[in-house]
Participant: 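Sharing a structure here in structure tokens format.
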Amino acid sequence: MNSLWSLFLCLLCAILCLNVCGAYKILVVFPIAGKSHGILGDGVVRHLLNAGHEVSYITPFPKDNPHKNLRQIDISSDEANAVMMNKANITAIMNKEQDVADPREFFKFILDTQRSTVLNENVQKMLNDPKQTFDAVIAEWMFSELYSGFAPIYGCPFIWLSTTEPHSSILDLIDETLNPTYNPGIISTTIPPYTFTERIKELLFYAANYVLKNFVLIGSEREVYEELFVPLIKKKGRPVPTYDEVKYNVSLVLGNSHVSLGQATRLPQSYKAVGGYHIDTNIKPLPEDLKKLLDNAKNGLIYFSMGSNLKSKELPDEFKKSLLKMFGTLKHTVLWKFEDALSDLPSNVHIVKWAPQPAILSHPNCILFVTHGGLLSTTETIHFGKPTVGIPVFADQFINVERAVKKGFGKRVDLSYTMAGDLKVAIEEVLANPSYAKKAKELSQIYHDRPSLPGAELVHWVEHVIKTGGATHLRSPALQVPFYQKLYLDLAALILIVVIALRFIVKRVWKLCSKKTVDSKKKNK
Ligand SMILES: *[C@@H]1O[C@H](CO)[C@@H](O)[C@H](O)[C@H]1NC(C)=O
Ligand SMILES: *[C@@H]1O[C@H](CO)[C@@H](O)[C@H](O)[C@H]1NC(C)=O
């Protein structure tokens, strides 16, 4: 009875405490209609709700029966966004007919999505509600800073969530550029140490990206800010900052990164690495059939998934057949995440339309993950300590797989019609050589060895920013210092002027003196 009472009192205290001293209103902005972006947004929201906060969530993936403290602002009506995010066609990529990395098309898509997100009727309803307030805004950074315009509407601190390992494009906003000699840029496909040509390539990438962002794209971003955000700020009667003031007024960057997954990058105080926060530590039990399959996999189970973006049913027929035939020659059980039915399955190959990936990877009989190398899949593989064979298709998948290879827990296979043979060689190598699994376990240990769970850290820093009115004490002084001062170009100029002046004076004096001596010699004659 006594313990029941104390439990009740504890609960009461907890509820009171949350209500009195720290339930905040937070706006979370994750508008990109890609599945993995949605998973990262859902993770942020889940942790904030569990900590007792009230969340408004701009999302293209609204859920049924949301939490009572969650308000979903549904933007799923934006079709262009969904079409673009589901455009990747694996057949076309294999035929080299689709260039998924066309930068012009990509940046146009980014700006269009941002406009349509802000103009979405549900978002407009929220923005035009005079009673609406927020204590902080958290938005996903996606090649543009436009969403930082939400903060001045509510006069509250702004936080970016950066989805990848730290890079110059995001650190430029809170500190300064990383040295491209040993830090890969956002679209790099290689990791250091760099060869001479790679170093030049990195520098050129950096310069091109800098020029594109700061001289080409900034104009249209500024226009959209003036057009869509400024009237709302005025309507609230708040001071209107310029776009540049808003862009560099970031309180915190939450990075979906961790040193076990990337490299030991030098980071400012306002960058907090919370990589892996999206993984629910409460793993739901496997469905009965999958559990049986994994439990009974005597020689271990190979899990094969190309992620949510690439539909395996779009794969060419002969390619599917060659993969099935190759899997049939393995002594292991193979579980292939595939959205369609397949005929003529070898007895050791099983297909699932939907796969609870964390639960599969966490099973001790899962011995290998054959993956496209997406960042979330790579994080999950380290979380559960499983080796990989990576088949990168686009975007950051190349660098993620490159990292797995260099770190020694994975092998890479190039996507092609004839890759079945290469895939078999890679699978056999990773399974025969224990160093891959050992490395995956080692990195997993490093990944888990943190003072607190990434989700708890995320909540802590968001609350810290709100409590301290924007955490200005965390901001890097580098942000205030212009480029020429960092490189002491002003000192160099001063030294140059002094040297030139001295040279001039010395020359003059020398001329005068020699003239005098000549004159006096003349006189003496
Ligand atoms: C994917 O690309 C292939 C080859 O270009 C094409 O035949 C197919 O129709 C495309 N599929 C979709 C869904 O667009
Ligand atoms: C910058 O952010 C802080 C809070 O994070 C806010 O108080 C301040 O008004 C903002 N400044 C501008 C120019 O937007």
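Each ligand, and each atom within it, is numbered from 1 in the order the structure gives. Because the structure is a prediction, the values reported are computed rather than measured.
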Participant: Regarding Y271 and T265, is there a side-chain donor-to-acceptor distance under 3.5 Å anywhere?
Facilitator: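 No - no donor-acceptor pair under 3.5 Å links their side chains.
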
Participant: Do H47 and Y277 have a side chain donor and acceptor closer than 3.5 Å?
Facilitator: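 No, because no side-chain N or O of H47 sits under 3.5 Å from a partner of the opposite role on Y277.
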
Participant: Angle class for the F229/Y225 ring planes (parallel below 30°, perpendicular above 60°, tilted otherwise)?
Facilitator: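 Geometry flag for Y225 against F229: parallel rings.
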
Participant: List by chain and number: which residues place a heavy atom under 4.0 Å from ligand 2?
Facilitator: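 Within 4.0 Å of ligand 2, the protein residues are P157, P241, N249, S251, G469, G470, R475.
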
Participant: Taking CZ in R238 as the centre, count heavy atoms belonging to other residues, nucleotides or ligands within less than 6.0 Å. Is the count above 12?
Facilitator: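 Yes, because the 6.0 Å sphere around CZ of R238 holds more than 12 heavy atoms from other groups.
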
Participant: Pairs under 3.5 angstrom only: tabulate donor-acceptor contacts from the side chains of residues 148-165 to other protein residues two or more places apart or in another chain.
Facilitator:
{"residue": "S148", "atom": "OG", "partner": "E145", "partner atom": "O", "Å": "2.4"}
{"residue": "E165", "atom": "OE2", "partner": "H258", "partner atom": "N", "Å": "3.4"}

Participant: Hey, are Q269 and H473 close enough side-chain-wise for a donor-acceptor pair under 3.5 Å?
Facilitator: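 Result is no, nothing qualifies.
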
